[in-house]
Amino acid sequence: MMKLNLVMMKKENQNFLEEISLENRLLLISEMNINYIKYNLKNENPFRICTNNGILELESAELINLILETHSTDDIRALVANIRKIKKRNMPIRHFFQTIATGLI
């Protein structure tokens with residue numbers, strides 16, 4: 001009975017995805033990528049960046065906004081792919097985001 005329900009749910013999801021236009025699919029994928037970045041940054045402490053004027057602290061919400069303002073959807077997709085590779089190796093992603101934050105400032 002359980003397998004039958006799962007099969008029916010998969011078919012419903014597949015029909016739903018077929019009905020969505022290509023443009024809307026791309027919007028859904030880009031929203032998923034943005035949410036993935038937000039999820040990975042939400043528990044991070046503020047990033048400290050050394051500048052000529054001293055140390056600047058950048059909250060994760062500010063970093064998300066900077067990333068979204070400066071990067072295209074292709075860049076965000078590549079960013080998500082790199083995050084997944086780092087997490088697959090069980091490495092911390094903080095250093096990766098620290099490098100991005102330093103480059104954006």
Side-chain angles (χ1 to χ4, degrees):
M1 183 75 171
M2 184 73 151
K3 286 186 178 181
L4 181 62
N5 288 339
L6 289 174
V7 170
M8 289 177 66
M9 287 177 59
K10 285 182 182 179
K11 286 183 180 179
E12 288 175 5
N13 288 340
Q14 187 178 16
N15 291 338
F16 175 73
L17 288 175
E18 288 173 358
E19 292 174 3
I20 297 175
S21 68
L22 179 62
E23 183 176 319
N24 288 338
R25 281 189 209 172
L26 293 177
L27 286 175
L28 286 174
I29 291 171
S30 64
E31 288 176 11
M32 288 177 8
N33 288 339
I34 292 167
N35 289 336
Y36 187 76
I37 293 171
K38 287 180 182 179
Y39 174 77
N40 283 299
L41 275 175
K42 73 178 180 180
N43 295 328
E44 292 292 332
N45 292 328
F47 296 95
R48 293 183 179 169
I49 302 164
C50 295
T51 63
N52 291 338
N53 300 331
I55 295 177
L56 175 71
E57 283 197 7
L58 190 64
E59 294 288 330
S60 60
E62 295 171 352
L63 180 59
I64 290 169
N65 290 334
L66 275 173
I67 289 171
L68 294 178
E69 288 173 5
T70 57
H71 289 76
S72 68
T73 54
D74 292 334
D75 294 338
I76 291 175
R77 189 176 304 128
L79 181 68
V80 168
N82 287 330
I83 293 170
R84 287 192 173 132
K85 287 177 187 174
I86 292 169
K87 290 188 87 149
K88 184 188 270 186
R89 295 179 183 147
N90 291 328
M91 299 297 292
I93 58 169
R94 178 166 178 83
H95 306 293
F96 182 63
F97 281 117
Q98 180 75 37
T99 305
I100 292 171
T102 302
L104 290 175
I105 299 298

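- The structure places CD1 of I34 at 5.0 Å from CG of L68, a figure rounded to the nearest 0.5 Å.
- In this structure N35 satisfies the side-chain contact (heavy atoms from CB on, under 4.5 Å) test together with K38, sequence neighbours excluded.
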Run the side-chain donor-acceptor check on residues 97-105: report pairs under 3.5 Å with partners two or more places apart or on a different chain.
residue	atom	partner	partner atom	Å
Q98	NE2	R48	O	2.8
T99	OG1	H95	O	2.9
T102	OG1	Q98	O	2.8

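- Every residue two or more places apart in sequence or in another chain that forms a side-chain contact (heavy atoms from CB on, under 4.5 Å) with D74 is listed here: S72, R77.
- Cluster membership for V80 and M32, using ILVMFWY side-chain heavy atoms within less than 4.5 angstrom, is not shared.
- Atom CG of L58 sits about 10.0 Å away from atom CD1 of I64, to the nearest 0.5 Å.
- Legend: residues meeting side-chain contact (heavy atoms from CB on, under 4.5 Å) with K87, ordered by chain and number and at least two apart, are Y36, N40, I83, I93.
- With hydrogens and angles ignored, the 3.5 Å screen pairs a side-chain donor or acceptor of S60 with a backbone N or O of L41.
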- Task: Evaluate the side chain to side chain contact (heavy atoms under 4.5 Å, CB included) criterion for residues L79 and F96: first the C-alpha distance (whole Å), next the side-chain angles of each, then the deciding distance (0.1 Å), finally the verdict.
- Result: CA-CA 10 Å; L79 181 68; F96 182 63; 3.3 Å; yes
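- The stretch residues 91-105 participates, sequence neighbours left out, in these salt bridge (Lys or Arg N to Asp or Glu O under 4.0 Å) pairs: E44-R94.
- With sequence neighbours left out, E62 forms a salt bridge (charged side-chain N to carboxylate O under 4.0 Å, His left out) with no residue at all.
- L63 CG to I37 CD1: the interatomic distance, rounded to the nearest 0.5 Å, is 9.0 Å.
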